[in-house]
Participant: 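Here it is: the structure, laid out below.
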There are 2 protein chains.
Amino acid sequence: MQDSAGTDTAAAIGPCAGIPADRMAFIRQVLDRVGDKWSMLIVAVLEDGPLRYTDLQRQIPGISQRMLTHTLRQLQEDGLITRSAYAEVPPRVEYALAPLSRGLKDIVMELIRWASEHHDDIRANRAQSGAASSSPS
Amino acid sequence: MQDSAGTDTAAAIGPCAGIPADRMAFIRQVLDRVGDKWSMLIVAVLEDGPLRYTDLQRQIPGISQRMLTHTLRQLQEDGLITRSAYAEVPPRVEYALAPLSRGLKDIVMELIRWASEHHDDIRANRAQSGAASSSPS
DNA sequence: CGGTATCCGCTAGGATACTG
DNA sequence: CAGTATCCTAGCGGATACCG
């Protein structure tokens, strides 16, 4: 707690849009890490339970090995997921959510639910905006 | 649209995540739109009330006109924010959250709060992982 | 004030091939 | 099975200059 004025960081955003510029920086960092395409999907998929590498690949259609590996490492380095490698043959590696991501998982699920519920509206709006050329001479 | 048959493994996400592989596609789209660096910040800042262009620039340190304008257009086209231009002099343009983003705003605020609360842990974990190369003699 | 347009570096991220 | 390494392109995103 660095703020002596008693202004809770999160609370400060509510009453006043004046988010201290300092906070903005790390919020951006976290958002950038956690908010990218694949991280959220991985967290969401892992929410159901531990999964192996290839299972993750199958669960997340369209992800490349490169991105899967990369994102997993990022999440692992941030302590959001754990990697358990079993030295057996064939080798098995399981990824699971770490305690740290308990709260995040919840938020991600909400976000996904929101996306599910409103993607129609969004698409509609998007189409409407794009359809501005519906007035030929 | 390459995958139409077979793997019911996607159904394995079902219980809690409940993400049919089909949904995954548009979820990715929404996540991609909403999950980029600036969109969330703009939504967060706008949560407090309508703001003008320059105000947004001030509230979000580090954003360029290009990105501000671009992101605002995206959000607007998705119907997440509204743009009100008043033809007066000097010209005034106000951006505000649209009804559609009511729920999103909430989630974003939660995410930011989570980021605020756990960025220390994340940084610690990140540093620890990076410190693996403390090659002692 | 509230943008638009252009140049440009950087890197996210896919495809492919190879390894332990 | 679980990655690593390399190549390569699209577009993100900053800086700058200019317009209504």
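Residue numbering restarts at 1 for every chain, and letters A, B, ... go by the order of the sequence lines.
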Participant: Over how many whole Å does the gap from A:Arg58 atom CZ to D:dA2 atom C1' extend?
Facilitator: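 My rounded result for the distance is 15 Å.
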
Participant: With sequence neighbours left out, write down each residue that passes side-chain hydrogen bond (donor to acceptor under 3.5 Å, both in side chains) with A:Glu117, or none if nothing qualifies.
Facilitator: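 None.
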
Participant: D:dC1 C1' sits how many Å from A:Glu88 CD, rounded?
Facilitator: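 These atoms are roughly 11 Å apart.
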
Participant: Which residues pass the salt bridge (Lys or Arg N to Asp or Glu O under 4.0 Å) test with A:Arg52, not counting sequence neighbours?
Facilitator: none

Participant: Run the ring pair (Phe, Tyr, Trp, His ring centres under 6.0 Å) test against B:Trp114 and tell me which residues pass, sequence neighbours left out.
Facilitator: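 B:His118.
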
Participant: Are more than 12 heavy atoms, taken from residues, nucleotides or ligands other than A:Arg92, located less than 6.0 Å from that residue's CZ atom?
Facilitator: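 Correct, the count exceeds 12.
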
Participant: In whole angstrom, what separates A:Arg52's CZ from D:dG3's P?
Facilitator: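 Atom-to-atom, A:Arg52 to D:dG3, this comes out as 10 Å.
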
Participant: If you look only at pairs with a residue in residues 62-111 of chain B, which of them pass as a ring-ring contact (aromatic ring centres under 6.0 Å, His included), with sequence neighbours excluded?
Facilitator: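 For residues 62-111 of chain B, and leaving out neighbouring residues, there are no ring-ring contact (aromatic ring centres under 6.0 Å, His included) pairs at all.
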
Participant: Do nucleotides 14-20 of chain D as a string where each nucleotide becomes B, S or -: B if the base has a protein heavy atom under 4.0 Å, S if just the sugar-phosphate does, - if no protein is that close.
Facilitator: BBB----

Participant: Nearest whole angstrom, please: distance from the C1' of D:dT6 to the NE2 of A:His70.
Facilitator: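 In whole Å, D:dT6 C1' and A:His70 NE2 are 16 Å from each other.
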
Participant: Between which residue ranges does DNA chain C form stems of three or more consecutive Watson-Crick or G-U wobble pairs, both distances under 3.5 Å?
Facilitator: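 Correct response: C:1-20 with D:1-20.
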
Participant: Run the side-chain hydrogen bond (donor to acceptor under 3.5 Å, both in side chains) test against B:Thr69 and tell me which residues pass, sequence neighbours left out.
Facilitator: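 Per chain and number, B:Thr69 pairs via side-chain hydrogen bond (donor to acceptor under 3.5 Å, both in side chains) with B:Tyr53.
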
Participant: Could you list the residues that satisfy side-chain hydrogen bond (donor to acceptor under 3.5 Å, both in side chains) with B:Asn125, not counting sequence neighbours?
Facilitator: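 Listed in chain order: nothing, the list is empty.
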
Participant: Return each pair, listed once, that meets salt bridge (Lys or Arg N to Asp or Glu O under 4.0 Å) where at least one residue sits in residues 70-80 of chain B; pairs must be two or more places apart or across chains.
Facilitator: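 Those involving residues 70-80 of chain B are A:Arg126-B:Asp78, B:Arg33-B:Asp78.
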
Participant: Under 4.0 Å, counting only non-hydrogen atoms across every strand here, what does A:Thr69 touch: a base, just sugar-phosphate, or nothing?
Facilitator: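 Base contact - A:Thr69 has a heavy atom under 4.0 Å of at least one base atom.
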
Participant: Work out which heavy atom in B:Val108 is nearest to a heavy atom in B:Met40; give both atom names and the distance.
Facilitator: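 Minimum heavy-atom contact is CG1-O, 3.6 Å.
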
Participant: For A:Glu94 and D:dA2, give me the distance from atom CD to atom C1', rounded to whole Å.
Facilitator: 13 Å

Participant: How would you list, by chain and number, every residue that makes a side-chain hydrogen bond (donor to acceptor under 3.5 Å, both in side chains) with B:Arg58, sequence neighbours excluded?
Facilitator: none

Participant: Test: side-chain hydrogen bond (donor to acceptor under 3.5 Å, both in side chains). Region: residues 97-107 of chain B. Which pairs qualify, not counting sequence neighbours?
Facilitator: none

Participant: Provide the start and end nucleotides, 5' to 3', of the part of DNA chain C that has atoms under 4.0 Å from heavy atoms of chain A.
Facilitator: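 The protein-touched segment is C:dG13 to C:dG20.
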
Participant: Taking 4.0 Å as the cut-off, does a side-chain nitrogen or oxygen of A:Tyr95 come that near to OP1 or OP2 on D:dG3?
Facilitator: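 Yes, because at least one side-chain N or O of A:Tyr95 sits under 4.0 Å from OP1 or OP2 of D:dG3.
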
